[in-house]
There are 2 protein chains.
Amino acid sequence: MRATRRNPARASASARSAAPPTDRVVGHIRRLIEGHRLKPGDRLPTERELARDMKVSRASVRSGLQSLSAMGVVRSRQGAGTFIQDGPPSLDSQPLGLLAALHGFSSEEMFEARGVLEVGVAGLSAQRASGEQTATMAEEVASMFAALNDPHTFLVHDVRFHRAVAAGSNNPVLAALVEMTSTLLFERRRTTIERARDLRESAEMHRRIYLAIRRGHAETARTAMAEHLRLAEEALAVEDALAATRAAA
Amino acid sequence: MRATRRNPARASASARSAAPPTDRVVGHIRRLIEGHRLKPGDRLPTERELARDMKVSRASVRSGLQSLSAMGVVRSRQGAGTFIQDGPPSLDSQPLGLLAALHGFSSEEMFEARGVLEVGVAGLSAQRASGEQTATMAEEVASMFAALNDPHTFLVHDVRFHRAVAAGSNNPVLAALVEMTSTLLFERRRTTIERARDLRESAEMHRRIYLAIRRGHAETARTAMAEHLRLAEEALAVEDALAATRAAA
DNA sequence: GCGAACGAGTGGTCAGACCAATAGTCGTTC
DNA sequence: GAACGACTATTGGTCTGACCACTCGTTCGC
């Protein structure tokens, strides 16, 4: 038989440590979170402590933490420590961004996905948003009207408005998904927003969405959001065309 | 003077290397992908090569690749190499899973998010799914009927059906989002599926969704999907209750 | 010809050291 | 006494070099 190797001891006894060190670290932190022994904002043990306690090298600890960091679960600050990410849940949009680059997601596809998500979210938001939440939306709409001559500022409030609508759904899962997709298009549009032509129309659309939500008209809110996204997609196409024209010159 | 110290040359000449090594590695790979010099399935240069070419340590290269791996952009196989992830684009569901644990997403919230996504997807799928795509759905439905007495197998085909519907939308962004959320609930339900009572009803619902999509009836497909998810949510609640009862005994 | 053994190459882990940023401590100064 | 500033222990970030575990193409033996 030779007993040449393979995994030493697997079936019985000592059921642990079958997994590679990096995975053990991720699982360890994960269990701490799921067991509510680590809450958002909490500081993790230092890398050196984790390495000692788990009997792995610090390199493996760092490897695991690097994964968690990429997923947006923790955040490390040199000299201070590693902390559980707090604030509103939000998948880092970087993953989707890279996948977008990798598979060449088109703007049409992005807008369509946004449409499916945000139209539904607008409906839910109309049914549930609190007064405070609708007030936030109102503020962003006002800021948009105030920034009609400053495209970059306008865009910032645009994104914040959509975030506020998502928050109004009071569903953190949906809010995280909306955040992810809208951030992505934000990155994209930031480079072309200077060529936007009709910000007033866009602001007006946002105002109509806000009014529908505030009045609790779910279907009206859904329709307005759908219409808004349709126009926004057209606007982006126009801006792209202008950018392409200029590039050719 | 001693000349010990600090970063040699920063202001002028050699304008690069401002960013930390790990970020440089991520950016480097990202540029390779965005410049289409790396396609899905391609093999990356070895870690030692990257380290040499970029003039950073292998540890930093590994750090960057670890991030990309956590995002599902690349995948490393010991002894073979590191490859750009191919296959259908799919965010690793692990990020959402950890966020779910971290913020305590409830089943209701998950189902609601699924509802918003998949109802919309069902409508799009009815409008666009190819014959091959609907055929895949039909196969999964058939497999579900064949597995009425085997809950675990049933559940596998259940998930695959929803994946097939998402594929039918022909929108990779939506497909990735659906994949992420449904995988999450799959993990959850796998532990309670044994207590399911009425798989036949569930299979029948899936069949109705399939028929609506095949016939191109978008609104019917949306309604059927919404109804299905509503029933599935109830079923999960019942299974949970049973599990809780048994646990108490 | 074909399977088994080999070995170069690759990612995974370990060890120890040093660098860089942080945050608390303690003294100085006004 | 309060505010400011240098000092220092602590912590994450990087580097180095070594070894391990696995993969896969090659080569050897039958």
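In the text below, chain A, chain B and the rest are named by the order of the sequence lines, each starting its count at 1. Remember, predicted model here, so these are calculated numbers, not experimental data.
Between A:Gln66 atom CD and C:dG12 atom C1' the separation is 15 Å, expressed in whole Å. Computed from coordinates, the A:Leu44 CG to D:dT11 C1' distance equals 13 Å when rounded to whole Å. For B:Asp23 and C:dA20, the CG to P distance is 17 Å, given to the nearest whole Å. Between B:Arg43 atom CZ and D:dT23 atom P the separation is 14 Å, expressed in whole Å. Atom P of nucleotide D:dT14 and atom CG of A:Leu65 are separated by 13 Å, given to the nearest angstrom. The interatomic distance linking A:Arg24 (CZ) with C:dT13 (P) rounds to 10 Å, in whole Å. To the nearest angstrom, C1' of D:dG13 lies 5 Å from CD of A:Gln78. For A:Glu47 and C:dC19, the CD to P distance is 18 Å, given to the nearest whole Å.
Between A:Ser76 and A:Thr82 the shortest heavy-atom distance is OG-OG1, 3.0 Å. Looking at every heavy atom in both residues, B:Val56 comes nearest to B:Pro21 through CG1-CB, 4.0 Å. Closest heavy-atom contact between B:Ala70 and A:Ala70: CB-CB, 3.8 Å.
Taking every side-chain heavy atom of B:Thr82 into account, C:dG11 is the closest of C:dG11, C:dT10, D:dT16. When the nucleotides C:dC14, D:dT11, C:dG12 are ranked by their closest atom to the side chain of B:Ser76, C:dG12 comes out on top. Considering only side-chain atoms of A:Arg48, the nucleotide from C:dC14, D:dT14, D:dG13 that sits closest is D:dG13.
Around atom CZ of A:Arg128, more than 12 heavy atoms belonging to other residues, nucleotides or ligands sit under 6.0 Å away. Within a 6.0 Å radius of CZ in B:Arg58, other residues, nucleotides and ligands contribute more than 12 heavy atoms.
Map B:Ala80 and A:Ala59 each onto its nearest nucleotide of DNA chain C; the residue landing nearer the 5' end is B:Ala80. Between A:Gly79 and A:Pro21, the residue anchored nearer the 5' end of DNA chain C, judged by the nucleotide with its closest heavy atom, is A:Pro21.
Counting non-hydrogen atoms under 4.0 angstrom, A:Arg58 reaches a base of the nucleic acid. Nucleic acid contact for B:Arg75: none, since no nucleic acid atom lies under 4.0 Å from a heavy atom of the residue. At a threshold of 4.0 angstrom between heavy atoms, the contacts of A:Ser63 with the nucleic acid are absent. Within the nucleic acid shown, A:Arg62 comes within 4.0 Å of at least one base atom, counting heavy atoms only.
For the pair A:Ser60 and C:dC14, the criterion of a side-chain N or O lying under 4.0 Å from OP1 or OP2 is met. For D:dT14, the OP1/OP2 oxygens have no side-chain nitrogen or oxygen of B:Ser57 closer than 4.0 Å. When the side-chain nitrogen and oxygen atoms of B:Thr22 are compared with OP1 and OP2 of D:dT14, one or more of them lie within a distance under 4.0 Å. For the OP1/OP2 pair of C:dG12 and a distance below 4.0 Å, the side-chain nitrogens and oxygens of B:Arg77 include no atom meeting the criterion.
Across B:Leu38, B:Ile84, B:Ile33, a single residue satisfies side-chain contact (heavy atoms from CB on, under 4.5 Å) together with B:Val74, and that is B:Ile84.
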